[in-house]
Amino acid sequence: MKKANVAIDGFAGSGKTTVAVELARRLELVYLDTGLMYRSVAFECLREGLDASQDEVLADLVRRFDLQVEVVAQPHPTCRMILNNQDVTDELHDPRINALVPRVASCSAVRRELVCRQQAFAQRGGVVMVGRDIASVVLPDAEVKIFLAADLKERARRRALELAAKGKHLSQEEVEAELSERDRIDSERADSPLVCVAEARQLDTTGLSVQEIVDEIAGMVRCGSV
Ligand code: C5P
């Protein structure tokens, strides 16, 4: 029997990745973080010194883009981005990429190319896919659709802690400004803006533990719907 696909969308720093990884581990699903794909485009743009303000430049980049997405299920669900035969995953959360990625993601040619790959990835079912347009565009037929939200201050606090654990120290205010600017651009863009579709279950993760959120979503997956 084909396993359910789970679409998880939400604001930057709302806990999508943490929740999706734990859900995938628990239910033995495959995890794909589509944000890493958009980040890979921004990474390549910076590496080549391209003018990202030009849609044609970005369209040309994705036409010749050599990105392999490697998913690992065990012992811990992860996905790695292999760009031009090099694993760049650990370099994709640089502040320069955070600043550029919403612009790159607003280009329709970039979205068309990546959405196509994401849809192919989910064809056999059993995927937890995380992003901004998963329920609305990539997998409108996903059996379970989740929209995660959380208070901006709480999201910035969590993100600042994650960064500090990696040796990067930013103030809560700096992180807050970065997250809210990215949310604004992602929500206002013309092509595939971040939206909560009517059928999605909206969960506010402020004050909830990862286990509580995953318990709730796992229950929906077992029932086969929201
Ligand atoms: O999820 P993450 O914060 O890594 O996503 C980085 C950026 O990639 C988002 O701010 C958004 O601009 C873009 N994105 C998107 N559609 C997706 C996933 C990410 O536009 N499905």
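Residues: numbered from 1 along the sequence shown. No experiment lies behind these values; they were computed from the predicted model shown. Numbering of ligands and ligand atoms starts at 1, following listing order.
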Inset, instruction - For Phe147, check ring pair (Phe, Tyr, Trp, His ring centres under 6.0 Å) against everything at least two apart and list the hits. - result: Phe11
Inset, instruction - Quick one: name the residues clustered hydrophobically with Leu170, using the 4.5 Å side-chain heavy-atom rule over I, L, V, M, F, W, Y, and just say none if it's on its own. - result: Leu152, Leu163, Val175, Leu179
Legend entry - Short side-chain to backbone donor-acceptor contact, Asn5 and Val127, under 3.5 Å: yes
Inset, instruction - Heavy atoms only: give me the nearest Ile134-Gly131 pair and the separation to one decimal. - result: CG1-N, 3.5 Å
What does the N/O contact table under 3.5 Å look like for ligand 1?
| unit_1 | atom_1 | unit_2 | atom_2 | d |
| --- | --- | --- | --- | --- |
| ligand 1 | 1 (O) | Arg132 | NH1 | 2.9 |
| ligand 1 | 3 (O) | Arg39 | NH2 | 3.4 |
| ligand 1 | 3 (O) | Arg132 | NH2 | 3.0 |
| ligand 1 | 3 (O) | Arg182 | NH1 | 2.9 |
| ligand 1 | 4 (O) | Arg39 | NE | 2.7 |
| ligand 1 | 4 (O) | Arg39 | NH2 | 3.4 |
| ligand 1 | 10 (O) | Arg132 | NH2 | 3.4 |
| ligand 1 | 10 (O) | Arg182 | NH1 | 2.9 |
| ligand 1 | 10 (O) | Asp186 | OD2 | 2.7 |
| ligand 1 | 12 (O) | Asp186 | OD1 | 2.6 |
| ligand 1 | 12 (O) | Asp186 | OD2 | 3.3 |
| ligand 1 | 16 (N) | Arg111 | NH2 | 3.0 |
| ligand 1 | 20 (O) | Arg111 | NH1 | 2.8 |
| ligand 1 | 20 (O) | Arg111 | NH2 | 3.4 |
| ligand 1 | 20 (O) | Arg189 | NH1 | 2.8 |
| ligand 1 | 20 (O) | Arg189 | NH2 | 3.1 |
| ligand 1 | 21 (N) | Thr34 | OG1 | 3.0 |
| ligand 1 | 21 (N) | Arg132 | N | 3.1 |
| ligand 1 | 21 (N) | Asp133 | OD1 | 2.8 |

Legend entry - Donor-acceptor contact below 3.5 Å, side chain Arg201 vs main chain Ile146: no
Inset, instruction - Could I get the full list of salt bridge (charged side-chain N to carboxylate O under 4.0 Å, His left out) partners for Lys168, not counting sequence neighbours? - result: none
